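Reminder, nothing fancy here: chain letters follow the sequence lines and each chain counts from 1. What you are looking at is a predicted structure, and each value in this text was computed from that prediction instead of being measured.
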Amino acid sequence: MQPIISSKTPIRRRKPVKFRLGSALIYMILTAWSLTTIYPLFWIVNNSFKVSKDVMNKSFALALDPVFINYTTAFDRINIGRSYMNSLIMSGSTVILVLILAGFAGYALSRFNFKGRRLIYSILYATLLIPAFATVVPVYEILIKTSLVNTYGGLIFPQTAGNLTFAILVIAGYMATIAKELEEAAFIDGCNRWQMLIKIFFPVSRPVFASVSIFVFLWSYNDLFSALIFVNKESVRPIVALLSEISSQYGTDFGLMATAVALTVIPVLIVYLFISKFIQKGLTEGAVKG
Amino acid sequence: MKGDRKYIILFLLPTVFLMSVFLYYPFFKSLYLSFFRTKGFFDKRFVGWDNYERLFTDKLIGEATLHTLEIMLYVIVFQVGIALVLAVMLDNISKLQSFYRTVFFFPVVISGTAISLLFVLFYNYNFGLLNTIITNLGFERVLWLSETNSLKAVAIPTVWHYVGFYLVLFLTAMSKIPSDYYEAAKLEGISGIQKTFKLTLPLILSDIKVVITLAITGTMKVFEFVWVISRGQNGTEVLGTYMYKKAIVDQNFGYGSTVAIYMVVFGVLLALLANRLLKSEEITY
C-alpha cells in the first residue's frame with residue numbers, strides 16, 4: 001500500500017501563535033475594511049426606524065424609540081410588497097427556466113460527441129461578449145410586437161437568454177467531469193438517454209445547479225437596466241426599478257429611502273448568511289462573470 | 001449510442017430557440033439598425049455610415065468614453081488593488097478568516113441600485129452622512145456631487161461593490177499554490193513580505209490577468225450607480241447611461257444601436273489589449 005498523502009487540505013506550517021506587530025496591523029486593516037461593509041448597513045437599518053426629520057438631524061443616534069411610519073408608508077403608499085412579489089416571481093422563474101434549459105443543453109454538449117460541438121462552444125464563448133446594451137432595442141421591439149412588454153414574461157425571457165450562456169458553460173464543465181463508468185452502468189441497466197439524464201446526471205450535478213441558480217438569481221434580481229426598459233409599469237416592476245423610482249420621486253423623504261434600502265437588503269442578508277459558503281464555493285468552481 | 005441524434009436535437013432545441021430570438025437576432029438587428037435613421041420602430045431610412053460619422057464627431061460620446069475609462073482606471077487600481085492586498089492579508093492570518101471573507105463578499109450580493117441609494121443618502125448636501133460628520137468636526141459642508149467631484153463620488157460605490165468578488169477569486173488562486181513551495185521558501189529563509197512578492201504574486205499572475213479582464217468588461221457595463229446617483233449629470237455620463245438616454249429616453253433607436261455597437265467593439269478591443277499587455281505563461285502545478 002502506498003502511503004496516503006492528503007493533497008486536499010494543504011496545511012501550511014505557521015509559526016506558533018505569538019503576538020507579532022505585523023499580524024496585529026493586518027487584523028486592524030481587515031477589521032477597518034469590514035467596518036466599511038457593516039457600518040453603512042447598520043446606519044441604514046437604524047435610520048429606517050426614524051422619522052425623516054431625525055434621519056436628517058440625528059442620523060448617528062440610535063433609534064431607541066423606533067417608529068414604523070416609514071414601513072407603513074413603504075407598504076401602503078409605494079406598495080413595496082408588490083414589487084417584492086414581482087421580483088421573486090420573475091427572478092425565480094428565470095432561475096428555473098435557465099436551470100432546465102441549461103441542464104439539457106449542458107448535458108448534450110458534455111456527454112455527446114457530435115459534429116459541430118466545438119463550433120457551438122466557440123459561439124457560446126463569443127456570446128459572453130454581447131452585453132445587454134447591444135440587444136436591448138430589438139428585444140424591446142419584439143416584446144412590444146408580442147405584447148410581452150410590461151408582463152412578467154417581458155423580463156423572464158430576455159434575462160433567461162442572457163444568463164443561459166454562462167449557465168451552460170458552467171454546467172457542461174461540471175457534467176464533463178462525471179465518471180464514464182456511471183454512464184455505462186446505467187446503460188447496462190437499460191436506461192435510455194432521457195432516463196440517464198433525469199436519474200443520474202441531474203442528481204449528481206446538484207452542487208453546480210445550486211451555485212448557478214444563486215448567481216442567476218442575483219444577476220436577475222439586481223438587473224436595473226432591463227427592468228427599467230421592459231417592465232417599468234407599477235403593477236409588474238421589480239424592486240430595483242422601484243428603488244430607482246423612489247430616488248427620483250421621493251428624494252426628500254429620507255426615512256422612506258432608508259427604509260426602502262433596508263427592506264431590499266435585509267432579506268438578501270439573511271439568505272446570504274445561510275448560504276455564503278455555498279456562494280463562494282460556487283464562485284471558485286468556475287462560476288465567473290463580470 | 002443509437003438514436004443519439006434525436007436527443008441532441010431535443011436537448012439543444014429550446015436553448016437555441018430562446019437564444020436566437022432574444023440574443024442573436026437582436027444583436028444582428030442592432031448592427032443593422034445602426035445604419036438607419038429611425039423614428040419609432042416603424043419609420044426608418046437607410047443612411048449608410050452617417051450614424052458612425054456622427055459617433056466620431058459626437059462630443060458627448062467622447063466625454064462618456066473618457067468617464068468610463070476614468071472609472072475603469074479606478075476599478076483596476078483600487079478595486080483589484082484593494083482586493084489583492086486584502087487577499088494577501090487574509091492568506092496570512094489564521095483566525096477569523098471565514099468571518100472576514102463572509103463580510104467582505106457581502107456587498108457583491110446587494111443590488112447596485114440599493115447601494116447607490118445608500119450613497120445618495122451619504123452624499124446629500126444638507127443632511128447626508130458625510131456632511132454631518134464634517135460639520136460635527138467643525139468644517140464647512142462639501143458639495144460632493146459637484147462638477148469636479150461627481151465622477152469620483154460615483155466611482156467609490158462602484159469600486160466598493162465588487163472588491164469582495166475579486167478577493168474570493170484571488171484567495172482561491174492562492175489556496176491552489178502547493179504548500180511545499182512555501183516549505184521550500186522557508187528553508188531558503190524567505191518569509192513575510194518577501195514571500196508575498198517572490199512567491200505568491202508571481203504564481204497567481206495569470207489569475208490577476210483574468211481579474212483585470214473581468215474588471216474591464218465589467219466597467220463597460222456600469223449603469224445603475226451613475227443612473228441612480230447622478231442620472232449622468234455633472235460630468236458623470238458613462239457609455240451605459242448615454243446609450244440608455246439615446247436609445248430609450250430619446251427613442252432614437254438607430255443612433256442608440258450605433259452607440260451600443262461602439263460599446264461592444266470598444267470593450268472587446270480593450271480586453272484584447274489588456275490580454276496582450278499582461279501576457280504571461282500559464283502555470284500548472
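Using a 4.5 Å cut-off between heavy atoms, B:I110 touches chain A through backbone and side chain atoms alike. Proximity to chain A (any heavy atom under 4.5 Å) is shown, for B:D180, by neither the backbone nor the side chain. For B:F28, no part lies under 4.5 angstrom from a heavy atom of chain A. When heavy atoms are compared at a cutoff of 4.5 Å, B:M263 approaches chain A solely by way of its side chain, counted from C-beta outward. Contacts between B:T102 and chain A at a heavy-atom distance below 4.5 Å involve backbone atoms as well as side-chain atoms. Residue B:V163 touches chain A through its side chain alone, counting heavy-atom pairs closer than 4.5 Å. Using a 4.5 Å cut-off between heavy atoms, B:F106 touches chain A through backbone and side chain atoms alike. Only the side chain of B:V268 comes within less than 4.5 Å of a heavy atom of chain A; its backbone N, CA, C and O stay farther away. Of the two parts of B:F223, only the side chain, counted from C-beta on, holds a non-hydrogen atom closer than 4.5 Å to a non-hydrogen atom of chain A.
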Between B:Y100 and A:W33, is a ring-ring contact (aromatic ring centres under 6.0 Å, His included) present by the stated rule, with each step listed? CA-CA 9 Å; B:Y100 285 124; A:W33 185 264; over 10 Å; no

What do the steps show when you test A:R193 against B:D4 for salt bridge (charged side-chain N to carboxylate O under 4.0 Å, His left out), and what is the final call? CA-CA 8 Å; A:R193 284 288 195 180; B:D4 270 359; 3.1 Å; yes

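Ranked by heavy-atom pairs shorter than 4.5 Å toward chain A, the options B:G240, B:G112, B:A271, B:S98 are led by B:G240. Each of B:M220, B:E224, B:R231 has some count of heavy-atom pairs under 4.5 Å with chain A, and the biggest count is that of B:R231. Ranked by heavy-atom pairs under 4.5 Å with chain A, the first of B:V228, B:I261, B:L118 is B:L118. Ranked by heavy-atom pairs under 4.5 Å with chain A, the first of B:I216, B:L18, B:L33 is B:L18. Chain A forms more heavy-atom pairs under 4.5 Å with one residue of B:Y244, B:F119, B:F22 than with any other, namely B:F22.
Applying the side-chain contact (heavy atoms from CB on, under 4.5 Å) test to B:L145 and every residue at least two apart in sequence or in another chain returns B:Y123, B:S150, B:A153, B:I229.
Atom CZ of B:F17 sits in a sparse spot, with 12 or fewer heavy atoms from other residues, nucleotides or ligands closer than 6.0 Å.
No close placement of the A:F112 and B:Y7 rings is indicated, their centers lying 6.0 Å or farther apart.
In terms of heavy-atom proximity, A:G153 sits nearest to A:P158 at O-CD, 3.8 Å.
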